[in-house]
Amino acid sequence: MAQEKKQKKPFFKRIWVWVVIIIIAIAAFGSLGGNKSTTANKEDTSSSSNISSKKSSSTTTVDTKGATKSQLGALLKAKSYSSMMHMSKQGIFAQLTASAGDQYSDEDAQYAVDHLKADYNANALKTAKAYSDQQSMSKEGIRQQLIATAGDKFTESEAQYAVDNLKADYNKNALNTARDYKNQQGMSSDAIREQLTSSYGEQFTAQEADYAIQHLGN
């Protein structure tokens with residue numbers, strides 16, 4: 001009987017990601033501090049400046065007129081989460097408002113994701129590539145991880161775009177996973193094959209699992 005596979009942690013919940021978050025936080029507060037106006041009568045609760053959001057090779061200007069300092073801070077964080085961690089819109093919102101995250105208000109976080117210019121299809125694809133390259137996941141396993149509420153929180157269409165456009169060698173991924181089961185758990189070939197193909201397990205195709213078993217001793 002196949003073992004039920006535990007939900008993998010999304011990348012933004014991994015320890016190394018928090019190192020990046022700390023760097024982002026320092027940069028964010030530094031940027032906000034550096035943008036203080038030299039005009040004495042300028043109010044702290046508004047800003048007439050524009051934040052440039054880089055998308056592909058072009059630069060799109062976001063109108064932030066009337067935004068509060070907190071909203072601008074949330075937007076700056078959101079931009080970093082998208083460009084550096086390739087997070088989904090809902091994932092960014094959750095991170096901004098999390099008690100163990102940035103602790104912005106729902107209103108400030110909503111402002112940030114509403115004004116963020118991000119290509120979430122591209123973010124989903126980059127996240128999918130990381131799951132394939134670093135964790136040797138199956139196509140269906142990646143898709144489900146991308147849309148999981150305890151995972152990356154991409155939309156169904158964004159996740160489908162990612163797996164449809166991902167250039168991955170799923171035979172190789174299945175073989176890498178099979179070797180882990182054999183070396184770490186001492187599982188038999190039959191048990192490994194069941195684990196690879198199970199809907200509760202790795203969700204590789206039967207053909208990919210067959211390839212893995214055939215090459216397991218190589």
Side-chain angles (χ1 to χ4, degrees), residues 8-130 145-159 161-162:
K8 294 182 184 291
K9 287 184 178 181
F11 283 103
F12 62 86
K13 289 187 178 180
R14 297 176 184 275
I15 294 175
W16 65 266
V17 172
W18 287 104
V19 176
V20 180
I21 291 175
I22 293 171
I23 296 173
I24 293 171
I26 294 172
F29 286 114
S31 296
L32 288 175
N35 288 332
K36 289 182 179 179
S37 173
T38 56
T39 305
N41 62 356
K42 185 175 181 180
E43 295 181 357
D44 288 338
T45 58
S46 66
S47 172
S48 60
S49 64
N50 290 329
I51 294 179
S52 296
S53 177
K54 189 178 292 183
K55 182 179 181 181
S56 301
S57 59
S58 62
T59 301
T60 304
T61 301
V62 180
D63 183 9
T64 58
K65 184 177 182 180
T68 66
K69 187 174 182 178
S70 183
Q71 287 172 335
L72 291 174
L75 179 55
L76 190 60
K77 282 286 190 71
K79 183 180 178 183
S80 295
Y81 287 139
S82 175
S83 62
M84 298 178 66
M85 300 183 192
H86 317 303
M87 291 170 64
S88 66
K89 183 175 183 178
Q90 187 58 38
I92 292 171
F93 180 89
Q95 181 65 27
L96 290 173
T97 58
S99 58
D102 297 295
Q103 302 180 30
Y104 283 101
S105 68
D106 286 357
E107 292 75 16
D108 290 343
Q110 193 62 53
Y111 173 91
V113 295
D114 286 346
H115 288 77
L116 176 64
K117 301 300 182 183
D119 185 342
Y120 293 112
N121 280 339
N123 284 4
L125 179 56
K126 290 174 182 176
T127 302
K129 187 177 186 304
Q145 178 68 22
L146 290 176
I147 63 174
T149 55
D152 294 286
K153 300 181 175 67
F154 284 99
T155 65
E156 291 274 359
S157 62
E158 290 161 357
Y161 173 89

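None of the values given here were measured: they were computed from a predicted structure. If you read the sequence from its start, that first residue is 1, and numbering goes on from there. We use all heavy atoms of the structure for the numbers below, so side chains are in, but hydrogens, waters and symmetry mates are not.
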Taking all heavy atoms of [X] and all of [Y], pick out the closest pair and write down the distance.
X	Y	value
F93	D106	CE1-O, 3.7 Å
M85	T127	O-OG1, 4.4 Å
I92	A78	CG2-CB, 3.7 Å
A162	L125	O-CD1, 3.4 Å

Drop me the distance from [X]'s [atom1] to [Y]'s [atom2], to the nearest 0.5 angstrom.
X	Y	atom1	atom2	result
K126	M87	NZ	CE	14.5 Å
T149	Q90	OG1	CD	10.0 Å
Y120	H86	OH	NE2	13.5 Å
Q71	L76	CD	CG	13.5 Å
D119	S83	CG	OG	12.5 Å
E158	K153	CD	NZ	13.5 Å

Using side-chain contact (heavy atoms from CB on, under 4.5 Å) as the criterion, list what pairs up with E107, not counting sequence neighbours. S105
Qualifying residues under side-chain contact (heavy atoms from CB on, under 4.5 Å), relative to A159, sequence neighbours excluded: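 Listed in chain order: R143, L146, I147.
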Decide yes or no for [X] and [Y]: does some side-chain heavy atom of the first lie under 4.5 Å from some side-chain heavy atom of the second?
X	Y	answer
H115	T64	no
K89	F154	no
S88	N123	no

Which residues pass the side chain to side chain donor-acceptor pair (under 3.5 Å) test with [X], not counting sequence neighbours?
X	value
T97	none
S157	T155
Q103	none

Is a donor from one side chain sitting under 3.5 angstrom from an acceptor on the other, for D102 and Y81? yes
Checking side-chain polar atoms at under 3.5 Å, does S70 have a donor or acceptor matched by the opposite partner on D108?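 There is such a pair between these side chains.
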Which residues share a salt bridge (Lys or Arg N to Asp or Glu O under 4.0 Å) with K129, sequence neighbours left out: D133
